[in-house]
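Taking it in order: structure first as structure tokens, then the write-up.
Just so you know, residue 1 is the first one in the sequence shown, and it goes up from there. Atoms within a ligand are numbered from 1 in the order they appear, just like the ligands themselves. Just so you know, these numbers come straight off a predicted model, no measurement behind them.
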Amino acid sequence: MKTVFITGGAGFIGSALIRLLIAESDWRIVNIDKLTYAGNLESLGAAGKDARHIFSQTDICDRAALDTLFAEYPPDGVIHLAAESHVDRSIHGPGDFIETNITGTYTLLEATRAYWSGMDEAGRAAFRFHHVSTDEVFGSLGTTGMFTEETAYDPRSPYSSSKAASDHLVRAWQHTYGLPTLITNCSNNYGPCQFPEKLIPLMILNALAGKPLPIYGKGDNVRDWLHVDDHARALRLVFERGATGATYCIGGHNEKTNLEVVDTLCALLDKLSPRADGQAYAALKTYVADRPGHDKRYAIDASKIARELGWQPQETFESGIEKTVAWYLDNPEWIAHVQSGEYRHWVEKNYGARS
Ligand code: NAD
Ligand code: TYD
């Protein structure tokens, strides 16, 4: 049985990865999460109560706490997802992004390096540090072209530049100290348990509440959408079989304008949960001021991970988005706890002294 540290395991993607690993592997998971506003242990469902899931409410900037965890649960690898992740928040307050995404990654790298240096030769050779990053580090595309592993970094927002900085630190730790690292750069994720600040859950929840659906600018910016479970499967594959020192781009081959996404959501809600007044949800669409520095288009060429590791997304946008709308309709408790703030007390109620 492997022991793997997962940082940010109470977040949207980290919780999907832990649900997958508890269901489909025999690994012991040490979930290291500070539980910021974005951390929600309720998202782990039954996996959160499994004996192979160990939760530690820890800030990745806290070196002493990380050293204690490495000593207590000597891991075979680390999958690093903890981050501040929302572009709009990074525009209004970049400080936490610098602290967690850059200083936190540096602190985690140093704690990992100290632990890894003390392993025997076989342990050092088998160890992996997998850094989970975004395609936003590559900047913004025009109407043509796609990001690949060779694309030069050109981040534009405080979020993407802090992620780019963390990617560079990870590469430097590989090159300078020989730490066996892997980096994945993924496109926009959607699916269950996403915090309703991001486009898709925000639109679903606003629509259900009869609130305006705020579309930035003309709604013609393009994102390449991937279902979170497809991302989680890709992360497991890269962690297990990727070449150390390599990077992999992950994407869903699902380019959509924001307007197309919102119209799809409205049409699904009209079908699955029609409004009581008989109006179409699309009547709630509202054009608002554009995001400053708004990246125009992202698109991923995911042929390397397909060719080298045999990964393909299982969901199309059409299948994944319908399941996602259905999930939000079927889980009013999760939504109510997030909206009331009750999710922030989940740890005391369910983990008590274990944190
Ligand atoms: P999220 O905001 O939902 O979750 C982030 C998690 O990290 C939360 O549980 C939070 O409590 C935790 N965290 C924040 N600061 C911390 C700290 N200092 N110490 C410990 N834990 C801390 O984010 P997400 O959407 O799940 O993204 C996870 C990772 O994947 C991030 O690194 C993000 O950059 C990357 N990513 C996200 C997307 C996407 O579409 N959401 C796409 C590509 C890559
Ligand atoms: P978001 O989910 O914040 O992801 P990212 O900025 O990392 O791509 O936004 C996705 C797209 O949707 C982006 O082009 C901004 C746009 N958007 C809106 O038009 N309205 C909104 O209320 C939000 C949150 C995003």
Side-chain angles (χ1 to χ4, degrees), residues 6-17 31-41 43-44 56-62 65-66 79-91 96-97 99-101 103-105 107-108 131-137 140 156-157 159-160 162-164 166-167 184-191 193-203 206 212-228 231-232 235 249-252 256-259 261-262 285-291 293-298 300 344 347:
I6 295 187
T7 70
F12 166 50
I13 301 170
S15 63
L17 179 62
N31 177 359
I32 300 170
D33 198 296
K34 180 181 176 180
L35 296 183
T36 67
Y37 79 92
N40 184 353
L41 290 167
S43 302
L44 290 164
S56 174
Q57 185 168 4
T58 296
D59 186 334
I60 55 163
C61 299
D62 184 343
L66 291 175
I79 308 180
H80 173 36
L81 296 101
E84 288 293 335
S85 68
H86 188 39
V87 174
D88 293 319
R89 278 183 196 259
S90 83
I91 293 168
D96 287 346
F97 290 72
E99 184 64 13
T100 286
N101 299 359
T103 306
T105 299
T107 308
L108 182 66
H131 176 61
V132 177
S133 192
T134 167
D135 62 351
E136 301 188 26
V137 297
S140 180
R156 312 289 183 98
S157 73
Y159 165 66
S160 57
S162 69
K163 290 296 292 187
S166 66
D167 291 15
T184 46
N185 295 96
C186 188
S187 63
N188 286 60
N189 284 211
Y190 68 95
C193 305
Q194 188 169 28
F195 195 80
E197 62 187 355
K198 306 276 166 57
L199 178 73
I200 288 178
L202 182 124
M203 293 295 165
N206 275 19
L213 308 179
I215 296 162
Y216 300 165
K218 293 187 194 145
D220 58 355
N221 299 65
V222 173
R223 298 293 182 264
D224 177 1
W225 294 96
L226 180 70
H227 192 280
V228 69
H231 189 190
L235 292 177
C249 284
I250 307 172
K256 305 280 171 202
T257 65
N258 294 335
L259 211 46
V261 172
V262 175
K285 285 194 297 188
T286 308
Y287 292 89
V288 299
D290 209 353
R291 170 189 281 172
H294 197 173
D295 287 343
K296 188 71 185 174
R297 173 172 165 260
Y298 305 141
I300 281 274
R344 307 209 68 168
V347 66

- Could you list which atoms of ligand 2 come closer than 4.0 Å to a heavy atom of E136? 5 (P), 7 (O), 8 (O)
- Would you mind listing which atoms of ligand 1 come within a distance below 4.0 Å of any non-hydrogen atom of D59? 17 (C), 18 (N), 19 (N)
- Query: Got N221 and Y216 here, is their nearest side-chain heavy-atom distance under 4.5 Å?
  - Reply: no
- Query: Are any of the side-chain heavy atoms of H80 and T105 separated by less than 4.5 Å?
  - Reply: yes
- Task: Give the numbers and elements of all ligand 1 atoms closer than 4.0 Å to a heavy atom of N188.
- Result: 40 (O)
- Given N188, V87, I91, N258, which one has a non-hydrogen atom that is nearest to atom 11 (C) of ligand 2? N258
- Query: Hey, is D295 touching ligand 2 through its side chain, its backbone, both or neither, going by heavy atoms under 4.0 Å?
  - Reply: neither
- For ligand 1, is there an N or O atom under 3.5 Å from any N or O atom of I13? yes
- I32 N/O to ligand 1 N/O under 3.5 Å: no
- Query: Do Y37 and ligand 1 have an N or O pair less than 3.5 Å apart?
  - Reply: no
- R291, H294, K198: member with heavy atom nearest to atom 9 (O) of ligand 2: R291
- Query: Taking only heavy atoms of V132, which atoms of ligand 1 are found under 4.0 Å from at least one of them?
  - Reply: 30 (O), 32 (O)
- Got an N/O contact under 3.5 Å between I60 and ligand 1? yes
- Note on the structure: Here the atoms of ligand 1 under 4.0 Å from any heavy atom belonging to K34 are 16 (C), 17 (C), 18 (N), 19 (N), 20 (C), 21 (N), 22 (C)
- Query: Can you tell me how far CZ of R344 sits from CG of N40, rounded to the nearest 0.5 angstrom?
  - Reply: 10.0 Å
- Check: T100 N/O within less than 3.5 Å of ligand 1 N/O: yes
- Heavy-atom nearest neighbour in the protein, as seen from atom 29 (C) of ligand 1, with distance rounded to 0.1 Å: L81 O, 3.2 Å
- Task: Please write down residue, atom name and distance for the protein heavy atom closest to atom 5 (C) of ligand 1.
- Result: A83 O, 3.4 Å
- Under 3.5 Å, N or O to N or O, is C61 touching ligand 1 that way? no
- Would a 4.5 Å heavy-atom cut-off, applied to side chains only, mark V87 and E136 as touching? yes
- Query: Do K218 and T257 have side-chain N/O donor and acceptor atoms under 3.5 Å apart?
  - Reply: no
- Task: Could you list the atoms of ligand 2 found under 4.0 angstrom from a heavy atom of P214?
- Result: 18 (C), 19 (O), 20 (N), 21 (C), 22 (O)
- Message: Show the atoms of ligand 1 that are less than 4.0 angstrom away from any heavy atom in S133.
- Response: 43 (C), 44 (C)
- Message: Could you tell me, atom by atom, which parts of ligand 1 come under 4.0 Å of a heavy atom of L35?
- Response: 11 (O)
- Message: Below the 3.5 angstrom mark, is there an N/O of Q194, backbone or side chain, next to an N/O of ligand 1?
- Response: no
- Query: Is the shortest heavy-atom distance from the side chain of Y287 to the side chain of L259 under 4.5 Å?
  - Reply: yes
- Query: Are the side chains of M203 and V261 in touch, meaning some heavy atoms are under 4.5 Å apart?
  - Reply: no
- Item | ligand 1 contact by G9, heavy-atom criterion under 4.0 angstrom | no
- Task: Report yes if some heavy atom in the side chain of T100 is under 4.5 Å from a heavy atom in the side chain of T36; otherwise report no.
- Result: no
- Query: Under 3.5 Å, is there a donor-acceptor pair between the side chain of N185 and the main chain of T134?
  - Reply: yes
- May I ask you to decide if P212's main-chain N or O and N206's side chain share a donor-acceptor pair within less than 3.5 Å? yes
- Counting from 1, what ligand 1 atoms have a heavy atom of Y159 closer than 4.0 Å? 33 (C), 34 (O)
- Going by the atom numbers of ligand 2, which of them fall below 4.0 Å from some non-hydrogen atom of L202? 22 (O)
- Item | Part of Y190 within contact of ligand 1 (heavy atoms, under 4.0 Å) | neither
- Task: Mind running side chain to side chain contact (heavy atoms under 4.5 Å, CB included) on F12 and L81 for me, showing each step along the way?
- Result: CA-CA 10 Å; F12 166 50; L81 296 101; over 6 Å; no
- Query: Starting from atom 40 (O) of ligand 1, which protein heavy atom do you reach first, and at what distance in Å?
  - Reply: N189 N, 2.9 Å
- Message: With heavy-atom distances below 4.0 Å as the criterion, list the atoms of ligand 1 near S85.
- Response: 1 (P), 2 (O), 23 (O)
- Contact partition for K163 relative to ligand 1, non-hydrogen atoms under 4.0 Å: side chain
- Query: What do the steps show when you test I300 against I250 for side chain to side chain contact (heavy atoms under 4.5 Å, CB included), and what is the final call?
  - Reply: CA-CA 7 Å; I300 281 274; I250 307 172; 5.8 Å; no
- the protein heavy atom lying closest to atom 3 (O) of ligand 1 turns out to be F12 N, 3.0 Å
- Would you please say whether a donor-acceptor pair under 3.5 Å links the side chains of E84 and Y159? no
- Item | Side chain, backbone, both or neither: T58 near ligand 1, heavy atoms under 4.0 Å | backbone
- Message: With respect to N40, determine whether any N or O atom, backbone or side chain, lies less than 3.5 Å from an N or O atom of ligand 1.
- Response: no
- Query: Distance under 6.0 Å and angle within 45° of the ring axis: does R89 meet both against Y37?
  - Reply: yes
